[in-house]
Amino acid sequence: MNLPARVRVTRPPLPLAPALSRAAAKLCPQAPLEQLQAAALAIAGGAVIGAHLRWDGGEEQAIETSWRGRGIEEALAEAVKG
């Protein structure tokens with residue numbers, strides 16, 4: 001998958017580290033972070049710019065507006081599956 005050069009997608013271990021948890025909560029405020037079954041984060045320049053979170057009974061994805069439409073959404077969805 002072709003992502004912008006500065007962007008990487010990662011599946012951090014759960015539970016999320018405090019800094020990652022804060023970033024995920026900012027992007028996906030409705031997600032029950034303590035109940036996550038899978039998480040994929042998009043990072044650019046050391047900042048979390050996107051998240052795809054999955055828990056029992058739901059999932060949510062959010063990308064910062066300026067990064068949308070660059071293949072990040074698809075990369076996050078694929079990463080959270082695996």
Side-chain angles (χ1 to χ4, degrees):
M1 183 150 308
N2 270 345
L3 292 174
R6 297 178 27 206
V7 177
R8 66 183 171 90
V9 171
T10 184
R11 275 194 74 181
L14 297 176
L16 294 173
L20 297 179
S21 184
R22 285 189 298 276
K26 184 178 175 184
L27 287 165
C28 302
Q30 304 304 319
L33 298 179
E34 64 283 346
Q35 299 173 22
L36 292 181
Q37 294 176 339
L41 303 175
I43 300 172
V48 177
I49 59 157
H52 191 121
L53 309 174
R54 190 176 71 219
W55 59 93
D56 189 29
E59 64 184 284
E60 184 176 359
Q61 184 183 88
I63 310 284
E64 286 189 9
T65 305
S66 61
W67 289 96
R68 291 184 186 153
R70 298 184 186 188
I72 299 168
E73 296 91 336
E74 295 83 3
L76 284 169
E78 188 64 32
V80 85
K81 287 181 193 174

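Just so you know, residue 1 is the first one in the sequence shown, and it goes up from there.
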Exercise. For E34, does the CD atom have more than 12 heavy-atom neighbours from other residues, nucleotides or ligands under 6.0 Å away?
Worked result: yes

Exercise. Rounded to the nearest 0.5 Å, how far does CG of L41 lie from CD1 of I72?
Worked result: 12.5 Å

For this session: Kindly give the heavy-atom pair with the smallest separation between E60 and Q30, and that separation in Å.
Result: OE1-CB, 3.9 Å

Problem set entry | From E78 atom CD to H52 atom NE2, the distance as rounded to the nearest 0.5 Å | 11.0 Å

Seminar exercise, completed: Output for pair (I63 CD1, L27 CG), nearest 0.5 Å, gives 8.0 Å

Exercise. Would a hydrophobic clustering, with Ile, Leu, Val, Met, Phe, Trp and Tyr connected at side-chain separations under 4.5 Å, put L20 with L53?
Worked result: yes

Exercise. Taking all atoms of both residues into account, what is the closest heavy-atom pair of L3 and A75, and its distance?
Worked result: CD2-CB, 3.8 Å

For this session: State plainly whether one hydrophobic cluster holds both L14 and V48, where clusters connect Ile, Leu, Val, Met, Phe, Trp and Tyr through side-chain heavy atoms under 4.5 angstrom apart.
Result: yes

Problem set entry | Single hit among P12, P18, P13 for side chain to side chain contact (heavy atoms under 4.5 Å, CB included) with L16 | P12

Exercise. Do side-chain atoms of R54 reach the backbone of V80 as a donor and acceptor pair under 3.5 angstrom?
Worked result: yes

Exercise. Can you hop from L33 to I49 via hydrophobic side chains spaced under 4.5 Å?
Worked result: no

Problem set entry | Nearest atoms (heavy-atom pairs only) where A79 meets A40 | CB-CB, 3.8 Å

Problem set entry | CD-CG distance between E74 and N2, expressed to the nearest 0.5 angstrom | 11.5 Å

Problem set entry | Check: E73 main-chain N/O paired with Q61 side-chain donor or acceptor under 3.5 Å | yes

Problem set entry | Cluster overlap I43 with L76, hydrophobic side-chain contacts below 4.5 Å | no

